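In listed order, ligands and their atoms are each counted from 1. Treat the numbers as computed from the prediction; the structure is a model and nothing was measured.
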Amino acid sequence: MSLVASPLTLRSGITLQNRIVKAAMEEQLAGAGQQPDERIERLYRRWGAGGAGLVITGHVMVDRRALAQPGDIVLDEVSELEPFRRWASAAGTAPVWMQINHPGRVVLRDTGALALAPSATRVNAGALSSLYPVPKPMTVADIHEVIERFATTAFLAQEAGFAGVEIHAAHGYLLSQFLSPLVNSRDDEWGGSLENRARLLLRIVDAVRGRVRSGFGVAVKLNSADFQRGGFDIDDAGRVIEWLGDRVDLVELSGGSVEALATSGHTADDRTLEREAYFLDLAGRLVDRATVPLMLTGGIRRSGIAERVLDRGFALVGVATALAQDPELPHRWLAGDDTAVLPPRSMIGSKTVRAAAVQAAVTGRLHAIGCGKDSSTRPPTLALVIDRRRRSRHLARYRRDNAGTTAAG
Ligand SMILES: Cc1cc2nc3c(=O)[nH]c(=O)nc-3n(C[C@H](O)[C@H](O)[C@H](O)COP(=O)(O)O)c2cc1C
C-alpha cells in the first residue's frame, strides 16, 4: 500500500482513512450575519466526496468585531448553530475540523475592525502598511477574553457536529503575533521568553481541551519559521511542538506571514510556487524529535511529492491550492495517478499584487464551486478585479450589520 493510502489513528481516537488533508482555505463565503450558507455546503460536499482523509475548513473567526476579511465566517455565542450543522454534515463521512482564528493586528483599516495585538506594533507591509491600523496592546483582561472566545467557538463547533478544531497559530495572525519576538515586546508573563510568548497558545489549547469531549480532535497550525531576521524560528518551533506534544492530535507546519510573503503559507510568489513541498527541508528537521504527528503543507500538488513528504516522517500532507483546482484529487492520488495540478500564474510586476491576484484566482475557484458553476480557474488579474468588487459588497454589509459595534459603526 502507498503511504498516502494508509490509515492513521490520532490520539483522540479518530481514525483518518488516508494521509491526505484538505488544508484550510479562507472561503470568504459568509452570508448574512457572517454565517455559512448553501454555497459552503455545496463546496464541502465536493471535498467530502473527493476522498481526503481529513477536511479542515477555512479560518472561522472567534470574534465578530475582528475579521481578517469582511467575507469571513464567524462562530460565536450569537451565531445560529443550524447553518453550521448543515456545513459540518455536508462532507458526508469525511471528518471535518473547523479552523478557528483571531486576526489580531492583521485587520484592514477599512473594516473598522478591532485591531488587537500583544504590543502596539503595526503590520509592516511596505507601501501597503497604512492599510493597517496601529493595534491596541492587549490588557490581561483582553487576553483572558480571547482564551474564552477560542474555547467557546471550539465548543460550539463540537455542538454543530464538527469532529475537531484546528487552532491557527501561523501566518502572522494573533497567536503567531504573540509567538514572535518582533511583534511581542511585552514585559509581563505573556511576553519575553519563548515560554511566555507561547503561553497564550498553550492556555488556549488547554481551555479548548477542557471544553470539548475526549474524542474531539484538536490540532494547531504553526509556522516552521516566520522567515524574518530575529523572528520566530525553527528552533522556537521545535520547542513549541514539544510543549504541544501531549496536548494535541497533530501539528500542521507552514511558514511566513503578511510581512514575509515570499515564503508565506498563503500562495506567494512565482519562485515559491515553482518549488514543490517548499517547507520540507526546513520542517524536516523537526520530524525526528516530535512526539506528535506532524502535517506538512505548502506546494504539494502531486502524489509523488506527497509520498516523499510522508517518507521523510511526516504523518500527513496538507493540500490547499491543488484541492481548490481539483476537489477529486485525493481519489486520483489513491488510485496511483501522479499528474501535477499546476497553480494559477500571474505576470504582474509587484510581488504583493501578484500574490494577491493568485490568491484571488484560488478564492474565485471556491466561489465558482460554491455557486454550482464548476468553471476553470480565472486568470489572476481578472480574478483580482472580481475579488475586489466582491470584497466591497461584503464590506458594505459587514459595516451595516455591525454599525455601533466596530470602530466603523
Ligand atoms: C485562497 C486561500 C486561502 C487560504 N486561507 C487560509 C486559512 O484560512 N487558514 C490557513 O491556515 N491557511 C490558509 N491558506 C494557506 C493554505 O492553508 C496553505 O498553507 C498554503 O496555500 C500552501 O499550501 P498549497 O501550496 O497547497 O496551497 C490559504 C491559501 C489560499 C490559497
Side-chain angles (χ1 to χ4, degrees), residues 20-30 40 43 52 54-62 67-69 71-74 97-103 106 165-176 219-224 251-258 261-270 272-280 283 295-302 305-306 309 316-327 329-330 333 340-344 346 355-370 377-378 380 383-384 387 390-391:
I20 306 165
V21 180
K22 183 255 147 201
M25 276 180 283
E26 176 184 21
E27 302 87 6
Q28 298 189 49
L29 275 173
I40 280 273
L43 180 58
L54 174 63
V55 174
I56 300 179
T57 71
H59 66 184
V60 170
M61 297 293 136
V62 301
L67 307 188
Q69 289 294 342
D72 283 342
I73 292 172
V74 177
W97 291 14
M98 177 187 284
Q99 187 185 67
I100 57 180
N101 192 21
H102 191 300
V106 186
V165 288
E166 180 182 66
I167 298 161
H168 198 348
H171 300 169
Y173 292 113
L174 183 67
L175 304 187
S176 155
V220 166
K221 185 162 183 170
L222 189 71
N223 274 357
S224 46
V251 176
E252 176 183 1
L253 289 173
S254 184
S257 73
V258 69
L261 265 188
T263 40
S264 168
H266 288 250
T267 307
D269 69 4
D270 312 339
T272 309
L273 289 176
E274 291 302 335
R275 289 159 51 208
E276 297 184 289
Y278 43 79
F279 296 129
L280 181 58
M295 161 174 158
L296 187 73
T297 302
I300 300 172
R301 43 183 183 263
R302 61 185 175 87
I305 291 294
V309 170
L316 294 158
V317 292
V319 185
T321 306
L323 274 180
Q325 292 172 277
D326 181 359
L329 197 61
W333 285 4
V341 180
L342 295 178
S346 162
V358 168
Q359 176 117 356
V362 180
T363 311
R365 175 83 185 127
L366 305 184
H367 283 240
I369 300 174
T377 309
R378 285 198 183 95
L384 187 59
D387 188 75
R390 187 170 44 227
R391 185 179 184 281

> If you measure from each heavy atom of G299 to ligand 1, is any distance below 4.0 Å?
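True for this residue.
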
> Which of the atoms in ligand 1, numbered in the order shown and given with their element, are less than 4.0 Å from a heavy-atom of E26?
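This gives 3 (C), 4 (C), 5 (N), 6 (C), 7 (C), 8 (O) as the contact atoms.
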
> Against heavy atoms of T297, which atoms of ligand 1 measure under 4.0 Å?
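Listed by number with element, the hits are 18 (C), 19 (O), 23 (O).
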
> Measure from atom 14 (N) of ligand 1 to every heavy atom in A24, G298, G256 and give the option owning the shortest one.
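The nearest heavy atom belongs to A24.
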
> Output the list of atoms in ligand 1 that are nearer than 4.0 Å to some heavy atom of H59, sorted by atom number.
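Near H59, the atoms of ligand 1 are 8 (O).
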
> Which option out of M25, K22, E252 puts a heavy atom nearest to atom 30 (C) of ligand 1?
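Shortest heavy-atom distance from atom 30 (C) of ligand 1: M25.
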
> Rounded at 0.5 Å granularity, tell me how far CD1 in I40 sits from CD1 in I73.
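Separation between the atoms: 4.0 Å.
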
> Side chain or backbone of H168 under 4.0 Å from ligand 1, or both, or neither, by non-hydrogen atoms?
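Within the 4.0 Å criterion, H168 contacts ligand 1 through side-chain atoms alone.
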
> Does the S254 side chain pair with the main chain of N223, one donor and one acceptor, at a distance under 3.5 Å?
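No, the answer is negative, given that no donor and acceptor are paired below the 3.5 Å cut-off.
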
> Heavy-atom contacts under 4.0 Å between Y278 and ligand 1: side chain, backbone, both, or neither?
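The part of Y278 near ligand 1 is the side chain, not the backbone.
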
> Who passes side-chain hydrogen bond (donor to acceptor under 3.5 Å, both in side chains) against Q99, sequence neighbours left out?
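E166.
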
> Is there side-chain contact between T363 and R390, with at least one heavy-atom pair below 4.5 Å?
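Side chain of T363 against side chain of R390, heavy atoms only: contact under 4.5 Å found.
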
> Checking K22 side chain against I56 main chain: does a donor-acceptor pair fall under 3.5 Å?
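Between the backbone of I56 and the side chain of K22 there is a qualifying donor-acceptor contact (under 3.5 Å).
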
> Between V319 and ligand 1, is there a nitrogen or oxygen pair with a distance under 3.5 Å?
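Between V319 and ligand 1 (N or O atoms, distance only) the closest approach is not under 3.5 Å.
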
> R302: what forms a side-chain hydrogen bond (donor to acceptor under 3.5 Å, both in side chains) with it, not counting sequence neighbours?
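Once residues adjacent in sequence are excluded, the partners of R302 under the side-chain hydrogen bond (donor to acceptor under 3.5 Å, both in side chains) criterion are E276, D338.
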
> Please work out which of R365, H171, Q69, Q359 has its closest non-hydrogen atom nearest to atom 2 (C) of ligand 1.
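Of the listed residues, Q359 has the closest heavy atom.
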
> State whether the side chain of H168 and the backbone N or O of S176 hold a donor-acceptor pair below 3.5 Å, judged by distance alone.
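Not confirmed, H168 side chain does not pair with S176 backbone.
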
> Just jot down the ligand 1 atoms closer than 4.0 angstrom to any heavy atom of T363, in number order.
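Ligand 1 atoms under the 4.0 Å threshold to T363: 1 (C).
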
> Counting only heavy atoms not in R378, do more than 12 fall under 6.0 Å of its CZ?
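No, not enclosed.
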
